[in-house]
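Encoded as structure tokens, the structure appears first; notes follow it.
Small disclaimer: the values here were computed from a predicted structure and weren't measured. Computed from heavy atoms alone, side chains included, the values below leave out hydrogens, waters and symmetry copies. Every chain is numbered from 1, with letters handed out A, B, ... down the list of sequences.
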Protein chains: 2
Amino acid sequence: MATEAVENYLKAMYTLARESPTGEAGMKALATMVGVTTGTATTMVKRLAAAKLARYERFGGVRLTTKGEAAAVDILRRHRLIETFLVQTLKLDWAVVHDEAERLEHAISPVVLEALDRHLGHPSSDPHGDPIPSAEGRIREPGGRPLTDFETGQRGRVVRIADQDADFLKFVDASGLRPGAPFEIRSVDAAAQTMSVRARGRDPVALALAAARKIVCERE
Amino acid sequence: MATEAVENYLKAMYTLARESPTGEAGMKALATMVGVTTGTATTMVKRLAAAKLARYERFGGVRLTTKGEAAAVDILRRHRLIETFLVQTLKLDWAVVHDEAERLEHAISPVVLEALDRHLGHPSSDPHGDPIPSAEGRIREPGGRPLTDFETGQRGRVVRIADQDADFLKFVDASGLRPGAPFEIRSVDAAAQTMSVRARGRDPVALALAAARKIVCERE
DNA sequence: CGCAAAAGTTTGATGAGTCAAACTCTGAAA
DNA sequence: TTTCAGAGTTTGACTCATCAAACTTTTGCG
Ligand SMILES: [Mn+2]
Ligand SMILES: [Mn+2]
Ligand SMILES: [Mn+2]
Ligand SMILES: [Mn+2]
């Protein structure tokens, strides 16, 4: 099987491909996400290409092959099921589970993973609202639009949080804007780059538009 | 922290030290247990000595330092809590959990480990009857004597199974001689190197003395 | 267009972990 | 006391993963 490093690159490439219109990942972004220098990323990407997990052209970016994408989705399944288990069964804080899953995802076998899935009742989303791929590798397209797309007076429901930073997650939790929570936009201050949002049964909170962009929602 | 390889050597050294009267481990035994060549074990043992985890003299065997032993006991705690979780919570077969724990033990953080311990109600033994060290590093001395020490007609109770081989564990399970099970010796055939044992509520089973030696028991 | 900054690549080095094979030491048996 | 098998050690080579630093290509901007 793939090593821990290889799995981390595959997952990063998958995530970056989702975010880019071309479906390609740049070396700089890849290196930053994995936490290595660009030179290291170039070296590794060549190995991934040799292993038929990626297609790579000098100065031309990387993209996953079908095989590489399947591997990436499998890692995503492991990661998100583990996060769900840590929150649901072990009652850990959703702000810390991402980093824990980052290591455990490489050590869990298919047998343990499927037992975990059974124990959790085959959940379809992780604690942050991200879709959990099926055992067959199918993954629901994560819909929704950022909170910044909503206007004063509009109502909606949080779908997912597109940022795993622990402090940000703690803030989101405190403001009541967890996945599933209904909300209403109270005001938007374009000049100050902030907006005020009220989660159902909560006091309104002010947040920067940059932060609001990380909260993905849908119309009520 | 220690790498996965280092942790595996420490655990093997701890186990071998328990089994040897001198408290020392030989390179051949260590290499075999870790699954490497003796040359590799020699190299690694020098590194462990440099890191103050072991004391080593050329041609003179290795032993853990206090620091090395504490690390080994910590790994044992992780391993055994994970095994217990896999059996109790995820309902996995006790014959397969050892290999699973062998990888997971290196990826679990103190935070997750203590959450696991809490979730399991602070168990004192793993599914094979081995003692689980406390968070402070205290470990109960695993008592008991091999089934071969018992004589015809004697009764007792299984304490632990001193062999993690999956096929052997499946056999033990089928014969009803799991940790905690009361039993009675029906007969011993020294010439044939076998004995017959009956677990409470079960039919008697015949087993080789070599196998019986791996079943550790106590007087009723 | 021209050119600097950004992005990407290459190279030489390092550390961890491993093996095969040549070599050395130790201890028990003849 | 010799000897030789088994245990232990050393060496040279290899893979994986990484960095720093020198270098090259691309791109966006004035
Ligand atoms: Mn990871
Ligand atoms: Mn998540
Ligand atoms: Mn292990
Ligand atoms: Mn065990």
Under a 4.0 Å heavy-atom criterion, the protein footprint on nucleotides 2-17 of chain D, written with B, S and -, is -----SSBB-----SS
Which residue pairs pass the ring pair (Phe, Tyr, Trp, His ring centres under 6.0 Å) test with at least one member in residues 24-82 of chain B, sequence neighbours excluded? B:H79-B:H98
Contacts of A:K11 that satisfy side chain to side chain donor-acceptor pair (under 3.5 Å) - sequence neighbours left out: A:E102, A:E105
Listed partners of A:R160 passing salt bridge (Lys or Arg N to Asp or Glu O under 4.0 Å), at least two apart: A:D130
Identify, with sequence neighbours excluded, every residue that meets salt bridge (Lys or Arg N to Asp or Glu O under 4.0 Å) alongside A:R138. A:E136
By salt bridge (Lys or Arg N to Asp or Glu O under 4.0 Å), B:R77 pairs with (sequence neighbours left out) B:E114, B:D117
If I take atom CG in residue A:L30 and atom P in nucleotide D:dT18, what distance separates them, rounded to the nearest angstrom? 11 Å
